Amino acid sequence: MSALKRRNVPIVGSKHLLYRTVRTFTTRRDHFYAAVAPDSGETGLYGFEILKTPKGFQRFVDEAIERSSELISYVSGMPSSTEIIRAMDEISDTVCSVVDSAELCRNTHPDRFVSENEPTSYAFVFIRFSENIVKDPGSVDIFPASRIPRHIQHILRPIYRSTCGTSKESMGSVNNFKEKGFRITTDPGTLSSVLQWASDDEVRKQSYIQGNSVPRANLGVLDKLIASRHELAQIMGYKSYAEFAVHPNMASSPVVAMSFLLDLSKIVRPKADEEFKAIKIFKESSGHGFGDLEPWDEAYFTGMMKSSTFKLDSSVVASYFPLSQCIEGLKVLVESLFGATFRHIPLAAGESWHPDVLKMALHHPEEGGLGYLYLDLYSRKGKYPGCAHFAIKGGRQISETEFQLPVVALVCNFSASRGSSSARLNHWEVETLFHEFGHALHSLLSRTDYQHFSGTRVALDLAETPANLFEYYAWDYRVLKTFARHYSTGEVIPQKLVESMNGARNMFAATELQRQIFYALIDQTLFGEQSSSSRETISIVADLKSQYTSWKHVEGTHWHTRFNHLVNYGAGYYSYLYAKCFAASIWKEVCLEDPLSMDAGSALRAKFLQHGGARDPSELLKDLVGDGVLRHSNGGIVPDIDSLCEEMKLV
């Protein structure tokens, strides 16, 4: 699951926050740039002149604090209310420019460095959680090498061990041999491949257990995060962090969020149970015994079932999605929907943090420049392990004639090497790219007076809606045929292949929806009201899995310790499911008839995307789709689930 990196930095205590944030980047001062020496460029990182060296972050902070202090002094003089609002927004813009730039640098810069002596404060618990995931991915050694499918051996590390044996040639004498095996590093990407393709039950079992038992250090980190957030909530007058976090959103309270999740769970459970039974029967019929269906069986057997039913070959599908063509697909979208064009533009010396980074400018023939997008799409050591949209600078109206253009970065971890003709995406990677692009468009097309409401700076349970909506574009043949072409022949992707892809996608849709509900329930429970007798998070997660999914918990595992969304979306993960419902309604009512029409694009932009967080989210949705898109419940707002249930054939 991808992440949306968004931040509304509180002004109170901003000086303290800024100093602590950039400590990460000023601890080590050598080798700041991978490709450009500090004194050879015309600009600094992300186009900020001040960021030509790591020391620039400290100056960036000092200047931000100085400017914020000036603005605070100005506000204390009690100017007009309009001037106060503009001054406060400039403070927000000043602080966010520093913090958001630092956050992007921390997650993507190849020479980033986090001090081993970071404080365990609330802010730096965030960093430690993510760092532990990267540092401790876990590993399993498998012998002999033949137990690993040949087509995934290239992603694993070969290892050798000495063995004793006899041969006819040695007349019965004992000889030492080097037996080849593989070390499976159980990071999420590699683990996913092993669980999907390894026919050896024991290989899958060992890999699953190891991959879901690291990093153990995050059990303590998560405990500190929960305690810190609970303390913060109580200081702010709330019973729990969930109450504090959900209050400003559409749901308005954990009661409403939990009620929504539990209602959806009841609706999806019968079909999810049916899918579970179907997988179990398939396992038994394929000669793998009559034992229980285990969690490490899911990906392998569902993959086999999809393949046998729809005759899909993932390598064939990927052959139609060269990354360069997928980027062209994004260009097709913006031109068809919004009449705008993406243009590749050269990076100034010193602007980029890695040679793989691309930069594009979004331009409209009548409106001129709309914003800038950095693309950092390839995996590399030490990089943020997931996919995310990062804001660098939010849009805002500076004067009657001048608008500050938004600058954002889209970060992914695709496996193909830079510039390789083999840079082809699996379709789930295409879907992820379109998801993150939805976030980017939300930022780039926003035209708000104030930076604080720009783009994705919206109510959290609305924020994922554009991203979920644009996932639909990655599955629609009318869209795919405009850019999905075979990497060697240029053949347009066949319609029958896309139909099979959609059939396979829907085959276990209830199981996947149930999984997302389970994730959201974990999030709400961990950050909900704390009982007097504290329970280990492992026990809480195990109980929730047994109660709300068709699958059992594996003793000793703690998958949630590398669920980064507990950090990024604390008490807000339910928003993905809100977005899934809202996106289903928008797609059906606005986009389905002609997804690439200018009419659809104009409605999306004028009634939704351009407003960012400046309008009430419920009014935005009703204006775009109609009153039926949501309903009121217990003082809060929940999505209408009819479109999603109809789409998934749940009713």
Side-chain angles (χ1 to χ4, degrees), residues 1-2 188 191-192 195-196 208 212 251 254 256-283 292-306 428 431 435 461 464 468 471 475 502-526 528 540-554 557-560 562-563 565-566 569 571-584 638-651:
M1 180 62 66
S2 62
L191 178 61
S192 176
L195 292 178
Q196 182 176 356
Y208 177 91
N212 286 281
V256 174
M258 284 294 284
S259 176
F260 164 75
L261 294 172
L262 295 177
D263 287 348
L264 201 56
S265 178
K266 288 176 185 176
I267 292 171
V268 78
R269 185 67 187 251
K271 189 170 183 182
D273 285 344
E274 285 179 16
E275 292 175 358
F276 181 88
K277 290 174 185 176
I279 302 168
K280 190 173 189 296
I281 292 170
F282 183 86
K283 177 184 178 181
D292 290 340
L293 187 61
E294 305 288 353
W296 51 84
D297 291 331
E298 181 185 353
Y300 180 68
F301 289 109
T302 56
M304 288 180 66
M305 293 171 75
K306 289 177 180 181
W428 67 265
E431 182 185 59
H435 176 103
D461 44 18
E464 290 292 336
N468 274 261
E471 288 182 17
W475 290 95
N502 275 279
R505 172 200 187 196
N506 296 328
M507 198 170 182
F508 298 101
T511 298
E512 179 55 35
L513 180 58
Q514 185 183 69
R515 186 177 2 260
Q516 295 303 316
I517 296 168
F518 165 56
Y519 293 169
L521 288 169
I522 292 173
D523 182 45
Q524 281 296 309
T525 304
L526 293 183
I540 294 171
V541 171
D543 285 352
L544 290 171
K545 187 168 188 180
S546 298
Q547 189 173 356
Y548 294 107
T549 82
S550 311
W551 299 80
K552 66 182 179 183
H553 172 75
V554 179
T557 61
H558 43 86
W559 159 86
H560 59 289
R562 61 181 185 189
F563 186 41
H565 287 73
L566 292 175
Y569 272 73
Y573 194 77
Y574 76 92
S575 62
Y576 276 99
L577 291 160
Y578 263 49
K580 196 170 182 68
C581 294
F582 289 140
V638 296
D640 177 74
I641 62 174
D642 288 349
S643 293
L644 180 64
C645 289
E646 179 184 334
E647 178 186 307
M648 296 183 61
K649 297 180 173 59
L650 294 176
V651 292

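Since the structure is predicted, the reported quantities are computational estimates derived from the model, not experimental observations. In this chain, residues are counted from 1 in sequence order. Note: hydrogens, waters and symmetry copies are ignored here, and every other heavy atom, side chains too, is used.
- By the 4.5 Å heavy-atom criterion applied to side chains, Leu644 and Lys580 are counted as neighbours.
- One finds the CH2 atom of Trp559 at 12.0 Å from the NE2 atom of His553 (value rounded to the nearest 0.5 Å).
- Val256 places a side-chain heavy atom less than 4.5 Å from the side chain of Val638.
- Between Glu431 and Trp475, some side-chain heavy-atom pair lies under the 4.5 Å cut-off.
- Residues Ala571 and Asp523 approach most closely at N-OD1, 2.8 Å, considering heavy atoms.
- Lys552 NZ: more than 12 foreign heavy atoms inside a 6.0 Å radius.
- A donor-acceptor contact shorter than 3.5 Å is absent between the side chain of Ser192 and the backbone of Pro188.
- When each of Leu577, Val268, Leu264 is tested with Gln516 by the rule side-chain contact (heavy atoms from CB on, under 4.5 Å), just one qualifies, namely Leu577.
- Looking at Arg269 and Asp273, a side-chain N of the basic residue comes within less than 4.0 Å of a carboxylate O on the acidic one, giving a salt bridge.
- In this structure, Lys545 has no side chain to side chain donor-acceptor pair (under 3.5 Å) partners at least two apart in sequence or on a different chain.
- Residue pairs meeting the salt bridge (charged side-chain N to carboxylate O under 4.0 Å, His left out) criterion with at least one member in residues 642-651, sequence neighbours excluded, are Lys588-Glu646.
- Proximity of Trp551 to Leu293: side-chain heavy atoms (C-beta onward) are separated by under 4.5 Å at one or more points.
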- Task: Kindly indicate, with the supporting measurements, whether the criterion side chain to side chain contact (heavy atoms under 4.5 Å, CB included) is fulfilled by Tyr573 and Ile522.
- Result: CA-CA 9 Å; Tyr573 194 77; Ile522 292 173; over 6 Å; no

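- Arg515 pairs by the side chain to side chain donor-acceptor pair (under 3.5 Å) definition with Glu298, Glu512, not counting sequence neighbours.
- Between Gln514 and Ala272, the shortest heavy-atom contact is NE2-CB, 3.5 Å.
- Ring geometry for His565 versus Tyr569: interplanar angle of 30 to 60°, hence tilted.
- Taking OG1 from Thr511 and CZ from Phe276, the interatomic distance works out to 9.5 Å, rounded to the nearest 0.5 Å.
- Using a 4.5 Å heavy-atom threshold, the side chains of Asp297 and Asp292 count as separate.
- Atom CD of residue Glu464 and atom CD of residue Glu471 lie 9.0 Å apart, to the nearest 0.5 angstrom.
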- Task: Would you sort out whether Ile279 and Met305 count as a side chain to side chain contact (heavy atoms under 4.5 Å, CB included), showing the intermediate values?
- Result: CA-CA 8 Å; Ile279 302 168; Met305 293 171 75; 4.1 Å; yes

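- Shown here for Pro254 and Gln524, the closest heavy-atom pair between the two residues is CB-OE1, 3.7 Å.
- In this structure, Tyr548 and Ile517 have side chains that are not in contact, with every pair of non-hydrogen atoms separated by 4.5 Å or more.
- To the nearest 0.5 angstrom, Asn212 atom CG is 11.0 Å from His560 atom NE2.
- Under the 4.5 Å side-chain criterion, counting only non-hydrogen atoms from C-beta, Leu195 is in contact with Trp296.
- Proximity of Thr302 to Met507: side-chain heavy atoms (C-beta onward) are nowhere separated by under 4.5 Å.
- Taking the six-membered ring for Trp and thresholds of 30 and 60 degrees, His435 and Tyr576 have nearly parallel ring planes, at less than 30 degrees apart.
- Separation of atoms OG (Ser550) and NZ (Lys271) is listed at 13.0 Å; rounding is to 0.5 Å.
- With hydrogens and angles left out, the side-chain atoms of Asp461 and Tyr574 include a donor and acceptor closer than 3.5 Å.
- A distance of 11.5 Å separates CZ of Phe301 from CZ of Phe508, quoted to the nearest 0.5 Å.
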